[in-house]
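Data first, discussion second: the structure below is written as structure tokens.
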Amino acid sequence: MAKSRVGHFVEAQILESIGVDYIDESEALAFADEDHFINKHNFGVAFVCGCRDLGEALIRVREGAALIRTQGDLSRSGDIVQTVRSVRKVMGEIRVLNNMDDDEVFAFSKRIRAPYDIVAQTKQMGRLPVVHFAAGGISTPADAALMMQLGCDGVFLESEIFDCLDPYKKVRAIVQAVRNYNDPLELAQASSGLEEAMAGLNVDEQFGAAGGSAY
């Protein structure tokens with residue numbers, strides 16, 4: 001996967017020409033065009049786009065996005081709260097949509113400024129019509145399992161995941177957590193032995209608490 005700036009279709013053309021598998025039209029880089037996103041229907045490669053609410057997600061789907069990344073913290077601080085907020089907002093809006101009568105859907109689509117046909121498809125499917133990932137601040141197996149239990153299809157890991165002594169072990173643990181996100185015993189097993197890799201999340205260090213490890 002390679003990133004292009006928002007609206008920079010020439011960067012996307014270059015990335016497609018060199019054979020990348022996915023293009024992330026990323027807000028984290030910059031905006032090349034403040035008014036227009038890339039028309040992804042003009043490309044054969046799959047695009048990933050970010051969102052913070054259902055309307056934004058469905059607009060990106062209309063533009064041709066094959067994967068939606070519900071976006072949280074873009075500063076790579078390891079703060080998951082914004083990601084949780086965005087995922088809950090998207091999933092909550094989908095639940096509201098699912099409980100609407102068909103004649104209410106048109107007004108709802110106008111309110112969230114999304115194409116009516118994509119909104120109707122979302123209601124029919126009971127979910128986003130494309131693969132739905134979460135990204136931003138996901139740094140532990142428990143974080144990944146939380147995103148899955150909230151309704152995501154998967155998670156994206158940012159580069160800060162490698163800022164530890166054993167990034168391979170940490171990534172493997174997160175993969176195990178995604179596969180077994182509803183099994184607390186498997187999640188405990190995946191999380192065991194990661195204290196050193198997650199030193200920044202240690203309760204004693206953050207709050208000055210006395211005593212031993214929380215695990």
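A quick note: this is a predicted structure, and the numbers were derived from the prediction, not measured.
Of all heavy-atom pairs spanning Pro141 and Ile174, the tightest one is N-CG1, 3.8 Å. Across all non-hydrogen atoms, the minimal contact from Ala12 to Ile23 is O-CD1, 3.5 Å. Of all the heavy atoms in Thr83 and Gly137, the pair that sits closest is OG1-N, 4.4 Å. Across all non-hydrogen atoms, the minimal contact from Ile161 to Ile138 is CD1-O, 4.0 Å. Pairing each heavy atom of Val178 with each of Ala144, the nearest pair is CG2-CB, 3.9 Å. In terms of heavy-atom proximity, Leu15 sits nearest to Ala2 at CD2-CB, 3.7 Å.
Screening His132, Met148, Met147 for a side chain to side chain contact (heavy atoms under 4.5 Å, CB included) with Asp153, the sole residue that qualifies is His132.
Side-chain atoms of Gln149 come within 3.5 Å of backbone N or O of Tyr181 as a donor-acceptor pair. In this structure, Lys40 contributes its side chain and Cys49 its backbone to no donor-acceptor pair below 3.5 Å. Gln71 contributes no side-chain N or O that, together with a main-chain N or O of Gly50, makes up a donor-acceptor pair within less than 3.5 Å. Arg111 places no side-chain N or O within donor-acceptor distance of the main-chain N or O of Ala114, the cut-off being under 3.5 Å. Looking at Arg52, its side chain never comes within 3.5 Å of a backbone N or O of Thr70 through a donor-acceptor pair. A donor-acceptor contact shorter than 3.5 Å is absent between the side chain of Glu11 and the backbone of Ser4. Asp53 places a side-chain N or O within 3.5 Å of a backbone atom of Gly55 that can act as its donor or acceptor partner. Panel note: side chain Asp33, backbone His36; a donor-acceptor pair is recorded below 3.5 Å.
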>> Between Asn42 and Phe9, is the side chain to side chain contact (heavy atoms under 4.5 Å, CB included) condition met? List the steps.
In response: CA-CA 9 Å; Asn42 293 334; Phe9 57 85; over 6 Å; no
> When you look at Arg95 and Met91, which way does the side chain to side chain contact (heavy atoms under 4.5 Å, CB included) test go after all the steps?
Replying inline: CA-CA 6 Å; Arg95 285 193 295 273; Met91 302 310 294; 3.9 Å; yes
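Using a 4.5 Å heavy-atom threshold, the side chains of Phe43 and Ile38 count as touching. Contact of the Thr140 side chain with the Ser191 side chain is not registered, since no non-hydrogen atoms from C-beta on lie closer than 4.5 Å. Between Cys51 and Leu58, the closest side-chain pair of non-hydrogen atoms is not below 4.5 Å. Residues Val84 and Leu146 are in side-chain contact: their nearest non-hydrogen atoms beyond the backbone lie under 4.5 Å apart. Residues Ile112 and Leu97 form no side-chain contact, since every pair of their non-hydrogen atoms from C-beta on lies 4.5 Å or further apart. Using a 4.5 Å heavy-atom threshold, the side chains of Arg179 and Val175 count as touching. Looking at heavy atoms from C-beta onward, Asp117 lies in side-chain contact with Arg62 at the 4.5 angstrom threshold. Annotation: side chain of Phe108 is in contact with side chain of Val119 (closest heavy-atom distance under 4.5 Å).
To the nearest 0.5 Å, the span separating CG on Asn39 from CD on Glu63 amounts to 8.0 Å. Asp183 CG to Glu186 CD: the interatomic distance, rounded to the nearest 0.5 Å, is 5.0 Å. In this structure, the separation between CZ on Arg5 and CG on Asp24 is 14.0 Å, given to the nearest 0.5 Å. From Leu67, atom CG reaches atom CG of Leu128 across 11.0 Å, with rounding to the nearest 0.5 Å.
Residues Ile118 and Val96 fall within the same hydrophobic cluster, defined by Ile, Leu, Val, Met, Phe, Trp and Tyr side chains chained together at heavy-atom separations under 4.5 Å. At a threshold of 4.5 Å between side-chain heavy atoms, the hydrophobic network of Ile, Leu, Val, Met, Phe, Trp and Tyr places Phe106 and Ile94 in one connected group. Residues Met1 and Phe47 fall into different hydrophobic clusters, defined by Ile, Leu, Val, Met, Phe, Trp and Tyr side chains chained together at heavy-atom separations under 4.5 Å. Both Phe162 and Ile80 are assigned to one and the same hydrophobic cluster, defined by single-linkage of ILVMFWY side chains at heavy-atom distances under 4.5 Å. Taking hydrophobic clusters as Ile, Leu, Val, Met, Phe, Trp and Tyr residues chained together by side-chain heavy-atom distances below 4.5 Å, Leu54 does not share a cluster with Met125.
Ring pair Phe31/Phe37 is perpendicular by interplanar angle, where above 60° counts as perpendicular and below 30° as parallel.
Salt-bridge annotation for Arg69 and Glu27: present, with a side-chain N of the basic residue lying under 4.0 Å from a carboxylate O of the acidic one. Between Glu25 and Arg60 there is no salt bridge, since none of the side-chain N atoms of the basic residue sits less than 4.0 Å from a carboxylate O of the acidic one.
Counting heavy atoms of neighbouring residues, nucleotides and ligands inside a 6.0 Å radius, atom CZ of Phe133 exceeds 12 of them. With a 6.0 Å radius and a threshold of 12 heavy atoms from other residues, nucleotides or ligands, Gln124 has its CD atom at or below the threshold.
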